[in-house]
Peer 1: 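One structure is given below, represented as structure tokens, and several questions about it will come after.
Protein chains get the first letters and strands the later ones, always in sequence-line order, with residue 1 at the start of each.
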There are 2 protein chains.
Amino acid sequence: MKDFKVIEVKRSIFEDNDADANRLREELKADGTFLLNLMSSPGAGKTTTLKRTISMLKDEMKIGIMEADIDSDVDAQAIIETGVRAIQIHTGGMCHLDADMTRQGIHEFGTKDLDFVVLENVGNLVCPAEFDTGSTKNAMILSVPEGDDKPLKYPLMFSICDVVLINKCDTLCVFDDFSKEAVKERILNLNPNAKVIFVSAKTGEGFDEWADWIRTEVRNYKNS
Amino acid sequence: MKDFKVIEVKRSIFEDNDADANRLREELKADGTFLLNLMSSPGAGKTTTLKRTISMLKDEMKIGIMEADIDSDVDAQAIIETGVRAIQIHTGGMCHLDADMTRQGIHEFGTKDLDFVVLENVGNLVCPAEFDTGSTKNAMILSVPEGDDKPLKYPLMFSICDVVLINKCDTLCVFDDFSKEAVKERILNLNPNAKVIFVSAKTGEGFDEWADWIRTEVRNYKNS
């Protein structure tokens with residue numbers, strides 16, 4: 001018996017995903033639920049980042065996590081152990097989530113009483129960038145081992161994110177060709193409004209700044 | 001003036017990619033050109049691996065590299081510096097290559113005189129696994145920082161690869177929760193015939209075994 005629901009979402013029937021995403025944003029606003037769409041490559045540390053984020057914020061706000069994956073439940077299981085609600089979404093082989101798939105997850109999950117919901121998107125720097133999920137804000141994680149040239153190679157992803165976490169900064173000692181200055185400059189060239197935060201989900205470095213970003217965004221959203 | 005050609009490939013007009021991939025394989029066989037489709041997440045080390053592979057094999061066989069990317073030329077530039085022929089393929093936002101896109105690249109590149117051609121696919125563990133490119137063999141790189149659970153989360157990719165390189169083994173000192181035994185067992189559970197090789201493109205660890213795999217495969221292909 002699992003402690004979380006697993007749902008299989010279907011491809012959207014809507015032709016116009018952008019319009020549908022805007023509808024979902026309005027529905028979420030009416031409930032006062034802030035939805036963060038979290039994207040990254042496979043293995044950049046989305047789940048570990050979420051676990052530490054939850055431990056810092058779960059006494060201040062009601063949090064829920066929607067874990068999307070092609071086919072496995074390992075992430076939802078890890079999240080459930082932190083004590084917050086979670087749901088596992090299976091995309092049936094699809095490489096991204098669109099707004100209607102996100103809505104199917106939201107409805108099954110039941111998010112009306114939640115303040116802050118994170119949608120952990122499929123690990124992929126390409127396709128998720130092309131589909132507005134209806135989230136309030138977009139976040140991404142780039143990890144140091146992936147290299148500081150990734151904004152050059154996946155420009156759309158970096159262009160659409162409100163906040164970029166540079167994770168695994170504790171490993172800069174072995175990835176000594178990674179330049180924090182270069183990666184930040186490349187991100188800001190694509191997206192001058194992006195907030196770039198250097199973190200380590202393993203050591204906690206940078207998480208005060210990240211938690212403050214979430215607190216401010218959620219508070220402003222509720223008051224707007 | 002660039003030292004390599006950049007081509008923009010178009011989405012296939014063929015309904016049946018599998019049949020088209022088989023046709024391309026026959027065309028390549030007639031020329032005696034072995035095509036390796038190399039896949040991985042962004043930042044797993046495809047280009048660095050190729051550079052070291054080229055330096056070990058370029059005096060034994062005629063090598064060409066086809067670099068596919070959404071939109072940048074940084075990888076082709078790095079390959080050209082090794083002294084082998086390279087071409088940059090832009091997928092126009094597409095997250096994978098199919099057989100017809102690969103054929104467009106092959107024809108523009110001109111591979112009839114080459115023994116060993118590597119197609120560096122778009123960095124993505126999802127979509128490229130679903131499209132047969134017409135390659136002779138499939139290879140993938142998983143890097144240690146991505147974690148040993150990736151075969152559980154991206155099973156199709158691991159299922160279709162003839163050889164899996166586990167790269168960045170020089171960083172196991174900082175990624176001490178990565179188990180070489182566990183990752184190998186998970187890969188072999190999905191794909192009992194996969195060859196798993198532990199390497200470091202930075203230090204050269206494991207590259208003798210990898211170069212031998214290529215030598216044997218190319219020789220057997222030419223003689224078959």
Peer 1: Calculate, to the nearest 0.5 Å, the distance between atoms CG and CG belonging to A/Asp149 and B/Asp75 respectively.
Peer 2: 7.0 Å

Peer 1: Would a 4.5 Å heavy-atom cut-off, applied to side chains only, mark B/Phe175 and A/Lys202 as touching?
Peer 2: no

Peer 1: Sort by residue number and list every member of residues 126-134 of chain B having a non-hydrogen atom under 4.5 Å from chain A.
Peer 2: B/Val126, B/Cys127, B/Glu130

Peer 1: Which one, A/Pro155, A/Gly147, A/Pro145, A/Ala44, leads in non-hydrogen pairs under 4.5 Å with chain B?
Peer 2: A/Pro145

Peer 1: Could you tell me which portion of B/Lys153 (side chain, backbone, both or neither) has an atom closer than 4.5 angstrom to a non-hydrogen atom of chain A?
Peer 2: both

Peer 1: Taking all non-hydrogen atoms of both residues into account, name the closest pair between B/Lys168 and A/Glu146 and its distance.
Peer 2: NZ-N, 4.5 Å

Peer 1: Given that the side chain runs from C-beta out, which part of B/Pro42 has a heavy atom under 4.5 Å from chain A: side chain, backbone, both or neither?
Peer 2: both

Peer 1: If you round to the nearest 0.5 Å, how far is SG of B/Cys95 from NE2 of A/His96?
Peer 2: 9.0 Å

